[in-house]
Amino acid sequence: MTKFYEEENANVHRGIYTLSEKATMAYEAARETVAQFIGAAAEEIIFTKGTTESINLLAQSLGKTLQPGDEVVLSEMEHHANLVPWQELAKEKKAVLKFIPLTSDFQLDMEKAQQLITRTTKIVSVVHMSNVLGTINPVTELAALAHQVGAVCIVDAAQSVPHMPINVRKLGCDFLAFSGHKMLGPMGIGVLYGTKKLLETLSPFQYGGGMIQEVTYEKSTWNEVPWKFEAGTPHVAGAIGLAAAIDYLQGIGMDQIQEHDQELTTYALEHLSQLPGITIIGPRTNRGAVISFTLSGIHPHDLSEVLDRERIAIRAGHHCAMPLHTKLGLVGTNRVSLYLYNTIEDIDRLIAGIRNAQRIFR
Ligand code: PLP
């Protein structure tokens with residue numbers, strides 16, 4: 001990103017001068033990197049601000065095709081980013097939202113999913129890995145259920161793309177969204193993947209420069225995909241930074257990252273569950289490296305505050321999944337999220353920190 005700003009800083013797709021051509025090449029090379037990372041073609045990669053904007057893009061563009069009474073199927077464990085845009089769309093279009101419930105082991109109830117996804121369903125949009133429970137959802141199965149009834153399947157992959165190898169063709173989804181800042185990349189850049197066939201049928205999300213083919217005072221026609229969806233000056237340095245993060249992650253290997261995650265998660269679950277008064281909010285198996293829990297007698301904010309004094313950063317609250325917490329009868333939880341830079345020693349320090357907090361609040 002520094003190199004870009006120092007040596008190639010110009011707007012893309014406009015200038016005929018060398019600097020702009022260099023910037024365009026770097027930006028489009030970043031798109032290629034993202035595409036190969038998830039097994040897509042470059043024209044299927046739209047750069048956005050992040051997962052939230054990617055889903056809003058779909059709610060607006062795909063949303064235009066909905067008729068009153070059409071159904072959008074989500075799950076009970078969605079992040080607000082994959083809930084609120086659909087609520088707004090449902091209000092506007094008189095569509096109906098349905099939610100796949102959870103089993104007692106915090107997995108999606110796939111029998112219920114089968115019953116909920118019907119000919120009236122037009123969109124199935126689910127989180128791949130829950131940012132609260134850590135549950136990894138069977139998105140391939142959900143995509144198949146959606147396709148059986150002619151619906152499209154959207155995957156919120158904000159938590160999964162950073163932590164495991166992802167191939168969109170294998171997943172079989174139509175759209176997939178993720179964010180750069182959760183995978184060692186910069187903030188303010190993210191991705192929407194969509195199959196070329198579907199992207200070509202969708203209306204643009206925003207209008208202005210860069211996304212047009214021909215403009216008269218009366219009307220305009222649209223650029224090809226993916227540029228049709230990238231109105232205005234894009235976050236060029238962000239895209240370049242995201243590609244650098246992907247190169248770095250791939251240098252380590254996504255399989256290795258997933259293995260490391262699993263090792264840390266198993267260790268953390270084993271040791272956390274031995275703490276008195278702890279309840280782990282999430283499944284034992286089929287899960288990733290975010291672990292939410294409550295401790296009896298200690299408010300999540302208090303625990304987080306005490307741990308922060310020991311320079312241990314964990315989240316406290318509803319983690320942008322308020323309905324899920326309400327459903328589980330919780331005001332909030334603490335959440336540990338582990339990644340490739342964490343070690344077993346970090347977890348030992350965390351456990352010692354929690355024991356210390358338990359002594360303070362006894
Ligand atoms: N979806 C999930 C599962 C998330 O964990 C997050 C971020 O916390 C988002 C969506 C929203 O991502 P962003 O804020 O980068 O748009």
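Starting from 1, each residue takes its place in the sequence as its number. Note: hydrogens, waters and symmetry copies are ignored here, and every other heavy atom, side chains too, is used. Both ligands and their constituent atoms are indexed starting at 1 by order of listing.
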Q: Can you sort out the partners of R309 under salt bridge (charged side-chain N to carboxylate O under 4.0 Å, His left out), two or more places apart, ordered by chain and number?
A: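 Once residues adjacent in sequence are excluded, the partners of R309 under the salt bridge (charged side-chain N to carboxylate O under 4.0 Å, His left out) criterion are E305.
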
Distance under 4.0 Å to a non-hydrogen atom of [X]: what atoms of ligand 1 satisfy this?
X    : answer
H181 : 13 (P), 15 (O)
V127 : 3 (C)
S179 : 12 (O), 13 (P), 15 (O), 16 (O)

Q. Are D156 and ligand 1 in contact, using a heavy-atom cut-off of under 4.0 Å?
A.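 Yes; D156 lies near enough to ligand 1 that a heavy-atom distance drops under 4.0 Å.
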
(Q) Less than 3.5 Å apart, any donor N or O on the side chain of S130 or T135 sitting next to an acceptor on the other? (A)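 S130 vs T135: no donor-acceptor pair found between side chains.
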
(Q) Pairing donors with acceptors under 3.5 angstrom, does anything connect the side chains of Q206 and E53? (A)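 No, because no side-chain N or O of Q206 sits under 3.5 Å from a partner of the opposite role on E53.
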
Q. Hey, looking at atom 13 (P) of ligand 1, which of T52, L83, I55 has the closest heavy atom?
A.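 Checking each option, the heavy atom nearest atom 13 (P) of ligand 1 is found in T52.
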
Q: Please answer: with hydrophobic residues joined when any side-chain heavy atoms are less than 4.5 Å apart, are I298 and V336 in the same cluster?
A: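 I298 clusters together with V336.
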
Q: Do me a favour and list the nearest non-hydrogen protein atom to atom 4 (C) of ligand 1 with residue, atom name and distance?
A: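 Protein heavy atom with the smallest distance to atom 4 (C) of ligand 1: H79 CD2, 3.3 Å.
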
Q: Just need the protein heavy atom nearest to atom 5 (O) of ligand 1, so name the residue and atom and give the distance.
A: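 Checked against all protein heavy atoms, atom 5 (O) of ligand 1 sits closest to Q159 NE2, 2.8 Å.
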
Q. Any ion pair linking R31 and E230 (charged N to carboxylate O, less than 4.0 Å)?
A.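 Salt bridge: yes.
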
Q: Indicate, as side chain, backbone, both or neither, the part of K182 found under 4.0 angstrom from ligand 1 when only non-hydrogen atoms are considered.
A: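 Side chain only; the backbone of K182 stays clear of ligand 1.
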
**Q.** Polar side-chain atom of S179 near backbone of T51 as donor-acceptor pair, under 3.5 Å
**A.**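 Indeed, once roles are kept as given, a pair shorter than 3.5 Å links the two residues.
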
